[in-house]
Amino acid sequence: MQSKLLLLNALFIIYLTSAHAQAFKSADAKDIALFPQQNDFRNTLNLSGVWKFKKDSLGIGEKEKWFDGLTGNRSIAVPGSWNDQFGDMHDYLGLTWYETEGYIPKGWKGQRIFIRIGAATYAAKIWINGIPLGRHEGGQMPFAFEISPLVKWHANNRITIQVENILKPSRVPTGGAVETSFFHNTPATNYDFFPYSGLNRAVWLYTIPAKTSINDVVIKTGFQGADGYMEVKVKLEGAVADGQVTVSGDGKNIKMPVHFQAGTGVAMVKIPNVRLWSPDDPFLYTVEVNIKQGGNTVDRYMSETGVRTITVTSKLVLLNGKPIFLKGFGKHEDFPIFGRGTALPVMVMDFSLLKWIGANSFRTSHYPYDEEYMNMADREGILVIDEIPAVGLYFHGDTTALKLRQAQCKRDIEELINRDKNHPSVIMWSVANEPFGSASFQVQSSSTPAANSGTERGMTCLGELIQMAKKKDPTRLATFVGVMGGPQRWLTLGDVVCINRYWGWYIGGGDIPGAIKGISNELDATYKLTQKPIMLTEFGADANIPGHTEQPKMYTEEYQRDLIKAYLDVADGKDFVFGMHVWCFADFKTAAASMRPGAMNYKGVFTRDRKPKLSAYYLRSRWNKSAN
Ligand code: GCB
């Protein structure tokens with residue numbers, strides 16, 4: 001009898017736990033396919049501002065029902081990382097709670113209402129008016145949930161978001177991993193940037209029409225001779241409807257009907273005398289989709305996109321059929337006080353500095369950036385290598401964590417391509433930065449059983465991710481970024497080879513002639529192996545010694561400039577090198593570590609507050625023809 005009671009009790013507890021767990025829906029990647037938009041049929045409300053905030057270091061918030069109202073709170077800016085906003089929370093990565101309240105405009109009645117969080121780093125749970133809504137993992141991607149049934153009219157609505165950024169080997173990016181012997185940082189990141197945490201991007205409320213709405217618009221472009229074309233695929237939710245696609249710009253206004261079958265319709269739009277998108281002429285057409293029922297328009301979505309192609313030969317990357325050389329940087333979203341929080345004036349300044357220096361591209365190292373970056377890159381004609389947050393991956397050791405990381409990488413790819421698919425600036429997906437096959441640089445290329453199994457697993461996992469990106473988006477290139485000393489075979493997996501190299505810095509520090517030899521030989525050997533175009537996605541040197549010196553020693557601005565020059569000269573002599581990205585655009589915050597004075601990486605050619613170093617002037621003289 002007693003054991004029966006115990007069993008019933010256990011079943012009841014399992015039932016309760018699963019009922020509670022089910023209460024939080026997992027975010028669906030399809031809900032971020034279209035950025036919220038204000039027009040006659042859709043509404044938006046940006047909830048950026050000062051929110052209530054509370055640290056939950058004991059993990060008692062859920063038990064104490066903090067979602068019913070956050071007492072004893074303090075104020076926090078959203079967007080913005082919490083780490084630099086408070087003196088006592090810099091290294092805190094545990095549970096926190098955010099809350100805001102507000103009325104839903106009464107004109108929104110009858111529409112479907114959603115909440116969209118631009119980025120909650122790393123994991124979030126949401127409650128609306130104290131009722132569990134949804135959860136999401138992955139710190140740099142947006143997620144959205146419908147909140148219509150939970151909304152109160154003519155009253156305040158309380159939005160509560162629990163966020164934590166605990167570093168775990170099962171997460172992406174990866175932290176707290178005992179298998180990796182080469183990182184001893186505080187906090188224990190498996191990567192070289194500070195784990196800025198919290199609601200780092202804007203939170204929106206938005207509506208879509210209740211009956212029939214546009215769910216997705218996927219635009220693929222190309223051209224033949226003087227004719228451009230756009231394949232505009234529209235996905236609908238709700239009742240059957242007819243649609244029209246209008247492509248306008250450059251004196252054209254081309255209308256095409258769309259007929260739907262099972263919720264999907266495609267318009268093939270031909271654009272005579274097309275104006276192609278390129279860094280020299282980043283021309284954007286407007287693509288307007290209108291959905292009609294019984295002659296009346298019931299939904300509309302507008303996108304701006306450019307017509308361009310990106311292809312590859314055994315030596316070159318071609319934009320619109322012509323060779324393109326990528327000049328630019330790996331970057332970070334990083335600024336004092338904002339942390340990794342969206343800082344629009346900094347973003348605008350960065351684009352103007354990219355132009356000033358004569359760069360034509362950057363990589364979103366090491367995670368997707370705010371969507372405003374992508375819009376700006378489209379308008380400014382800056383090419384983007386769009387990277388998922390897969391940094392610090394490793395393939396040896398514990399397979400449970402490895403499987404979880406791989407699943408997270410797949411979710412990231414799904415979400416990122418859903419989000420960024422229509423940006424002409426995005427030419428390539430990067431599915432990882434510097435994954436490791438084994439525990440140390442020395443073992444990487446050796447043939448010990450541990451190194452072999454890590455290399456094999458890496459081959460499979462990275463191969464899967466690259467193929468997934470290519471399948472989801474056959475119109476762009478896909479690759480990963482390889483680490484110095486990493487398994488060579490992995491480099492054959494992508495459409496192109498991207499490698500980070502630190503000859504003259506981490507290897508042979510101070511020796512520029514040695515660096516020239518090292519990088520030159522390595523480039524030749526890598527090309528021989530892969531027969532694919534190669535890009536250096538990182539090379540550089542820290543420069544943080546104040547003042548100038550006639551002795552270009554490590555850490556001086558002179559050494560940084562001379563090393564960068566040496567690499568660029570080597571690349572000029574290799575016809576299979578299609579790009580050179582200096583690491584890094586600006587100095588940035590890292591975890592505390594022995595080679596990071598003041599927890600800073602000083603490889604920026606601009607300081608953290610965007611002052612040019614010697615190498616910035618040097619690059620401008622080399623890259624920006626109009627500056628000479
Ligand atoms: C790398 C990493 C980058 C680091 C850089 C460095 O290879 O990709 O995240 O910041 O080296 O400066 O060590």
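The structure displayed is predicted, hence computed values, not measured ones. Whatever order the structure lists ligands and atoms in, that order sets their numbers, starting from 1. No hydrogens, no waters, no symmetry mates; every other heavy atom, side chains included, goes into these values.
- Neither the backbone nor the side chain of Y191 has a heavy atom within less than 4.0 Å of ligand 1.
- Distances shorter than 4.0 angstrom occur between a heavy atom of Y506 and an atom of ligand 1.
- The closest approach between a heavy atom of R596 and any atom of ligand 1 is below 4.0 Å.
- Aromatic ring centroids of W583 and H366 lie under 6.0 Å apart.
- Counting the atoms of ligand 1 from 1 in the order shown, those under 4.0 Å from a heavy atom of N601 are 6 (C), 10 (O), 12 (O).
- Geometrically, K613 does not engage F606 in a cation-pi contact defined by less than 6.0 Å to the ring centre and at most 45° from the axis.
- In this structure, K331 fails the cation-pi test against F588, since its NZ or CZ atom is not both closer than 6.0 Å to the six-membered ring centre and inside 45 degrees of the ring normal.
- Nearest heavy atom pair, residue F480 against residue W490, reads CE2-O, 3.2 Å.
- The shortest contact between atom 1 (C) of ligand 1 and any protein heavy atom is with E538 OE1, 2.8 Å.
- Taking 4.0 Å as the cut-off, F193 does not count as a neighbour of ligand 1 on heavy-atom distance.
- For F588, every heavy-atom contact with ligand 1 shorter than 4.0 Å involves the side chain, none the backbone.
- Scanning all heavy atoms of the two residues, the minimum distance from A390 to V431 falls at CB-O, 3.3 Å.
- Counting the atoms of ligand 1 from 1 in the order shown, those under 4.0 Å from a heavy atom of K603 are 6 (C), 12 (O), 13 (O).
- The protein heavy atom nearest to atom 10 (O) of ligand 1 is D192 OD2, 2.5 Å.
- Residue V483 does not touch ligand 1, judged by heavy-atom distances below 4.0 Å.
- A distance-only check finds a donor-acceptor pair linking the side chain of K589 to the backbone of G598 [under 3.5 Å].
- Within the cation-pi definition used here (under 6.0 Å to the ring centroid, within 45° of the axis), R405 qualifies as a partner of Y394.
- In the vicinity of N500, heavy-atom distances shorter than 4.0 Å reach the ligand 1 atoms 7 (O), 8 (O).
- Shortest contact from atom 7 (O) of ligand 1 to any protein heavy atom: E434 OE2, 2.3 Å.
- The proximity of N433 to ligand 1, defined as any non-hydrogen pair under 4.0 Å, is limited to the side chain.
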